[in-house]
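Note that this is a predicted model, so its numbers are computed, not measured. Order of the sequence lines fixes the chain letters, A, B, ..., with proteins taken first and strands second; residue numbering starts at 1 for each chain.
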Number of protein chains: 4
Amino acid sequence: MCPRTKQQFEVIRAEKSELIMQTALVLFAKKGYESTSVGSIAKKAGISKGLMYNYFQSKEDLLTKITINSLSQFSDVLQIENQEHIKKEELIRFIDGNLLLLKESPDFFKLYFSLSAQPGVFALLEQEILKVFLPLMEVFSNYYSQKGDKNPDVKARFLLAVFDGIGIHYLVDTKNFPIDEIRDMIIELL
Amino acid sequence: MCPRTKQQFEVIRAEKSELIMQTALVLFAKKGYESTSVGSIAKKAGISKGLMYNYFQSKEDLLTKITINSLSQFSDVLQIENQEHIKKEELIRFIDGNLLLLKESPDFFKLYFSLSAQPGVFALLEQEILKVFLPLMEVFSNYYSQKGDKNPDVKARFLLAVFDGIGIHYLVDTKNFPIDEIRDMIIELL
Amino acid sequence: MCPRTKQQFEVIRAEKSELIMQTALVLFAKKGYESTSVGSIAKKAGISKGLMYNYFQSKEDLLTKITINSLSQFSDVLQIENQEHIKKEELIRFIDGNLLLLKESPDFFKLYFSLSAQPGVFALLEQEILKVFLPLMEVFSNYYSQKGDKNPDVKARFLLAVFDGIGIHYLVDTKNFPIDEIRDMIIELL
Amino acid sequence: MCPRTKQQFEVIRAEKSELIMQTALVLFAKKGYESTSVGSIAKKAGISKGLMYNYFQSKEDLLTKITINSLSQFSDVLQIENQEHIKKEELIRFIDGNLLLLKESPDFFKLYFSLSAQPGVFALLEQEILKVFLPLMEVFSNYYSQKGDKNPDVKARFLLAVFDGIGIHYLVDTKNFPIDEIRDMIIELL
DNA sequence: AATGAATGAGTCTTCATTCAT
DNA sequence: AATGAATGAAGACTCATTCAT
């Protein structure tokens, strides 16, 4: 039967929307955004192609929503409190949280890195990514500033670049990459 | 009239081939491999679509040839001699060479990073990239080994990851990225 | 609105599929498989090029499905029962059935003959054609065997070759070919 | 050196022309006219694509010339003399000549059969083929007429159809087709 | 006579998107 | 909400043919 109550609608919408995004994220990560067809997403999600357009305006919109969604989770987990006085332990906790996300959600990071390198699609998401990136920059900059470092901004940029480099290498060669030992090396940089 | 000599043809082939590869590299870097059509390459190179297939078996072949070509130039420039006893100065020279390439051939590095994140296409080139990557790993590993480091392999992997992270960040935000100051920070890691 | 039921979709698929196959058969027969473009099939069938690929995986798949489809109709009509004791009347009925098919479905036979002569495409369908051809061979061989003929296999092959020769000549010059009188001559060969 | 004498030119032209036709015939027979590219002919013949157009106006022209050439050889071999009084022995000799050609030049017959079934290309050659076919029809018709047969034309058509049927079956399954035993069965039809 | 670079129309095929139901 | 048939533009690629040399 087709008709349902309003509440049922909302529950279904939320679940389906999540299902589609999860499925798409996996495929985007595995095959890349361009090489993933809407048809293959629908098939893997067990829905019809048409339904996807009921939830997302376009393939691009789907990508955007996935990114925003993932980034907001990312932000939630990696919250750093008390910007006034940033302790090393807090940064370590942040880094470990970051690495945990990398291990547990490699798909989003794969997507993130592939988008970073493809300006065409990236433009849409640049704003969203900057919303996460800039505060992060500031935290690290402040940290080094408090430590009395001469070039806190440069050090912060350096550290974020290092994070990304490690992320990529880990994702390209997950099995062999000595992620835990390298984590210790990052800590030493703080 | 007599036909052109073999040598004349070779010159034409070499020049056109180079033109096509250069043009394609720029577009691949700017828009990504998947989003760059053969037609757009031909148009920008001022040739017909068909001609590309006179020089390259397929779009994929073009990508492969570009990568191999660029990597071999890369290898030439970054040669490290006397593996027995690697001096710090030599590594610094290597790093500076590397950064110079990054500044002067950003297109290839953009392509390289975008491929790294896209497993489908990357698979084709993995071997070629490993041919450059593995010897590099060894050089750095040997260096740290000679320095008496406990985990030379881990340190080498870390350093190469750092290179890539810096490369990406530089390419994404070339204007603002403090590449020279960050270069100094890398040197300190040696 | 509710979506169409599965059965409604099945009806649509069956009808469109049939339409496409019928249209393609006519064109394949008239112009040959290679010289018939998917575009021309779509145009004649009044559908878009893309839709054909919703029903058939490729042009080759379309050809295969048409052949299998036609051959199965062919098999149904030309069933020979009671292989133990094959009567001449039954063979005559078979031959007349065969000639009727030739008259009424010249397109399929044209396709069949053109494929027979083109090894490349033929390979795909050889199995399917053999499924019809071999049992036929056996029927005729058994018949001649029962008649006490010395070389029943050879006679059977001869007869099948004769059928094809007549088929081709009829199709090449349908207007003038004295098919009915020649039918009588075949009967005399039994 | 380029310049040559007039005679040298003519010899070269005749040889190259023959070479191209032979090569093309083999490929046309193996892969079909449509599926054989001019490039593949040139490659196999060891010449350049351009040169082919020095000898033949087009691919179609090449096909036509090949057909005419082959048919004329065919005609030469299968000459029947003294039409006034046609002896059975002469027809047998003709049939054996025919079968010998089939065995020794299967390529031309493959081409002939594939063209017969593809009206598009066939139209060009219909005239040429009729030039051989019609006189043949007449010979057999006369023969049966002299024998006092009621329907000599029908019998002649029947016999020619039988030839073609046997030809096709022989070419499709050369290894297993009992061509010599079937030859004897044809003789009995005379 | 001979070469092969170059063209451009045409081929098969894919795919994001729309729409009737 | 949900389906999948249908579209049409675009993509990779092929190939007969031309042309400068």
Can you see if the side chain of Lys49(A) gets near the phosphate of dT17(E) - specifically, an N or O under 4.0 Å from OP1 or OP2? no

Verify the contact: side-chain N or O of Arg13(B) to OP1 or OP2 of dA5(E), cut-off strictly under 4.0 Å; return yes or no. yes

Side-chain contact, heavy-atom cut-off 4.5 Å: Ile68(C) with Lys65(C)? no

Using atom NZ of Lys59(C) as one end and atom C1' of dG10(E) as the other, report the distance to the nearest whole Å. 12 Å

Determine whether Ile41(C) and Leu62(C) satisfy the following criterion, side chain to side chain contact (heavy atoms under 4.5 Å, CB included), listing intermediate values before the conclusion. CA-CA 11 Å; Ile41(C) 297 169; Leu62(C) 173 58; 4.0 Å; yes

Gap between atoms CZ and C1', on Phe9(C) and dA20(E) respectively (whole Å): 9 Å

Could you work out which one of dA6(F), dT3(E), dA6(E) sits closest to the side chain of Pro3(B)? dT3(E)

Considering every strand shown, what is the Watson-Crick or G-U wobble mate of dA20(E) when both distances are under 3.5 Å? dT3(F)

Phosphate contact (dG4(E) OP1 or OP2) by Ser48(D) side-chain N/O below 4.0 Å: no

Please determine if a side-chain N or O atom of Lys16(B) lies less than 4.0 Å away from the OP1 or OP2 oxygen of dA5(E). no

Whether Tyr55(C) contacts dA6(F) is assessed here as follows: a side-chain N or O lying under 4.0 Å from the phosphate OP1 or OP2. Is that the case? yes

Taking CG from Leu19(D) and P from dA2(E), how many angstroms apart are they, rounded to a whole number? 10 Å

By nearest-nucleotide position on DNA chain F, the 5'-leaning member of Gly46(C) and Val38(B) is Gly46(C)

Taking only the side-chain nitrogens and oxygens of Asn54(B), find out if one of them lies under 4.0 Å from OP1 or OP2 of dA5(E). yes

Tyr53(C) side chain near dT14(E) phosphate (N/O to OP1/OP2, under 4.0 Å): no

Length of the line joining Ile41(D):CD1 and dC15(F):P, which is rounded to integer Å: 11 Å

Between Ser114(D) and Gln118(C), do the side chains contain an N or O donor and an N or O acceptor separated by less than 3.5 Å? no

Can you tell me if Thr67(C) and Glu128(C) form a side-chain donor-acceptor pair at under 3.5 Å? no

